[in-house]
Amino acid sequence: MFRAMLRKEFLLVLRDKHALAALFIMPSVFILIMSMALKDTFSSDRAFINYVVIDQDQTAISGELATLLKNNRLLKEYQLEITSEKQLQYALNDDLTFAVTIAPGFSTGLDSENTAIPLTLNVASDVQQNVLHLFKGELSGIITQLQIKSLLRKIEPAIPGISSKTDARLLDQSNLIQVQFNGLESSQFPTSTQQSVPSWIVFGMFFIIIPMSTIFISERRQNTLMRMNGMNISIPALFTGKIVPYMVINQIQVWLMVGVGIFIVPLLGAAPLTLGNSVAALFMVSTGLSLAAIGTSTLIAVSVNSVEQATTIGGILNILFGAIGGVMVPKFLMPPAMQSFSNVSPMSWGLEGFLDIFLRGLGTRAVVTESLALAGVGLLMLLLAWGILARRTGNGL
Amino acid sequence: MIQISNLTKRYRDAVALSQLSLKIGRGIIFGLLGPNGAGKTTLISILNGLTRFQEGDVKIFNLSLRQNIRQIRKRCAFIPQSLAFYDNLTVIENLRFFAGIQPITGQTLQDNLKRAISVNRLQPLTNRKSSTLSGGEKRRLNIAIGLLTNPDILYFDEPTIGIDPESRNDILNTIRSFKNDDKTVIYTSHYMEEIEKICDEVAIINHGKIVHQGKLQDMLQQEGNNSAIIELHKSNYTQLNRISKAIAGLQVLNAETLLLSPQDSRVMAELLAILEREHISVRQIRYQSLSLESLFINLTGREKSDV
């Protein structure tokens, strides 16, 4: 019996071009686009904050400040000489992010005996707070270096040669901090691929809501379910005949998307996906997520009355789960209240599980809770769907 | 074969079937007629175990339906009015799927599959996608699925809706052939000529009750011998309705036609006298053998278009 049901369900999905596009092509394309789009955000090799220095001080120290900014790998100098206020406004409205104006007297102000002349920082209006803090931090570090140099020059007569001995160490701050990402080797950095693949796997898996509920509702409306009921097919048997093929489809999706991350993404210039330590953990999370998605689909399919309702509700639910669950906006960017609220979305649990595997390099033990929670929610929804369908069946489908 | 006693089915406050009793014998084609909402589909759903009922008893193969539903279903097939199969599968894929989910295997499965295909003349269509079939071919596939278990009882719920006359005849001949295999067919249809053509016995159901049941020929003879159609020249409904209240057995079929059933000469004389008094002239009186349609109107008080 199950063989016939599995075969039927596979044939129906395979012959539905829209379903195939939603299940396999759409998430794969998402992974490619997002990995490419975010490639530079996670890269340590390319600057992504641009700036310009307007040096009205024109001293050796102001020149040194400009040089130190230029040597910073996070920052990129804007290739335009700003000569007027109007030009500055125009550039900031265009694609300039920061303008540092060194006012006359800034260099002498560094000396504690004189009044400090502050730098003026003009900022484009669309700059995020975290980027502003980052730039201010870099600038503060440079000012501190210049202040120390100024101090060293002052005490040079008392301790001859101190300036030249200290200078190199002070200028090369990069060696003072060793960055170690949790779960990665000391030389490794998280890449855009590691960050984006988990999100789109989760999102893609939930897209089975649409083909699954569409087929189910067509079966109900055409009385195929009623016919099967008359052939002694019980609701648990009917559900099993649906759960198994869609779990297999979800597994194919997961491995296809992992394959895209490993083999296709590097061809387009982004970093390849690395699988982490545990294939078993990946299987656990994806199975739990699959059950949650199938439970949601089944509940929708037995609750609504038309394919149009199912595709609308399924689509909206998918996007809402994704938005709340951190698929579209990473959870760490959300305010604390929103981060707590995001835990209501099963996608959030699945995403955490995948991030544990792909990003944090953790194994089965770390993903047990998420996997069980997802499976539990899926089974609960299936039970609810069973109850609703049993009631409908008793009264005629 | 099927014995229904005092069956009552209620949907909340609405009574769909009320104290309905019926006996259907083995190896016959049994027609179930009734207007929309009369309870035909509810009755068929109950017999298939698809709808629960509150009161009464149903026995099929001498087994109580309540206690032996799974066992009974194995020997019955329901061919629904809708085309209950998968458009995106081919004919043979549909048949294999519905055969595969039932407890038939091996040679029996192969034999039943072959028979379902040949009886419904689906051989040239087996590899065609079901969505590309004509209306009649789809109906034949719908029936073929019902034959996969070689059932003893077949329930047909209006199986010829929306198809051309040729395909309709084709399907009716197929259904009639089931009698030769000693199968019992329960048949509901909107088309009374179909019922007249293929059914051995008929039950007319109205407001959830059986208003008439019997062998079709007996019913028609019994009622037909005593009926007369009176065609009038000029009249109006108000007048005719008033007259129909005064004469027992008189029904207004339309503004120019009356049906007197049963008729006898004394009642006919009385009617003619009233018509004369009301200045309504009679064009023609036909004493006829009643058709099933007239009988249906007679018993349910509804026109065919209401069925």
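Just so you know, these numbers come straight off a predicted model, no measurement behind them. Lettering of chains follows the sequences in order, A, B, ..., and the numbering in each one begins at 1.
Around CG of B/N62, the count of heavy atoms belonging to other residues, nucleotides or ligands within 6.0 Å does not exceed 12. When the shell of 6.0 Å around CZ of B/F61 is examined, it contains more than 12 heavy atoms from other residues, nucleotides or ligands. Within a 6.0 Å sphere centred on CZ of B/R96, heavy atoms belonging to other residues, nucleotides or ligands number 12 at most.
Counting heavy atoms from C-beta on, the side chains of A/R7 and B/E93 come closer than 4.5 Å. Side-chain contact between A/N223 and B/F85 is absent, with no heavy-atom pair separated by less than 4.5 Å. A heavy-atom distance below 4.5 Å is found between the side chains of B/I79 and A/R227. Residues A/M231 and B/F98 are in side-chain contact: their nearest non-hydrogen atoms beyond the backbone lie under 4.5 Å apart. Using a 4.5 Å heavy-atom cutoff, the side chains of B/N88 and A/L11 are not in contact. Under the 4.5 Å side-chain criterion, counting only non-hydrogen atoms from C-beta, B/N48 is not in contact with A/M226. Inter-residue side-chain proximity for A/M228 and B/F97 is flagged as met; some heavy-atom pair is nearer than 4.5 Å. Side-chain atoms of A/Q222 and B/D87, non-hydrogen and from C-beta on, do get closer than 4.5 Å to each other.
A side-chain donor from one of B/R73 and A/N232 sits under 3.5 Å from a side-chain acceptor of the other. Judged by distance alone, the side chains of A/E219 and B/Y86 do bring a donor and an acceptor atom under 3.5 Å apart.
Of all the heavy atoms in B/T90 and A/R15, the pair that sits closest is N-NH1, 4.0 Å.
Distance CG/A/L225 to CG/B/L50: 11.5 Å, rounded to 0.5 Å.
Among B/L83, B/T149, B/I145, the residue with the largest count of heavy-atom pairs under 4.5 Å with chain A is B/I145.
Residue contact with chain A, scored on non-hydrogen atoms closer than 4.5 Å, is absent for B/D157.
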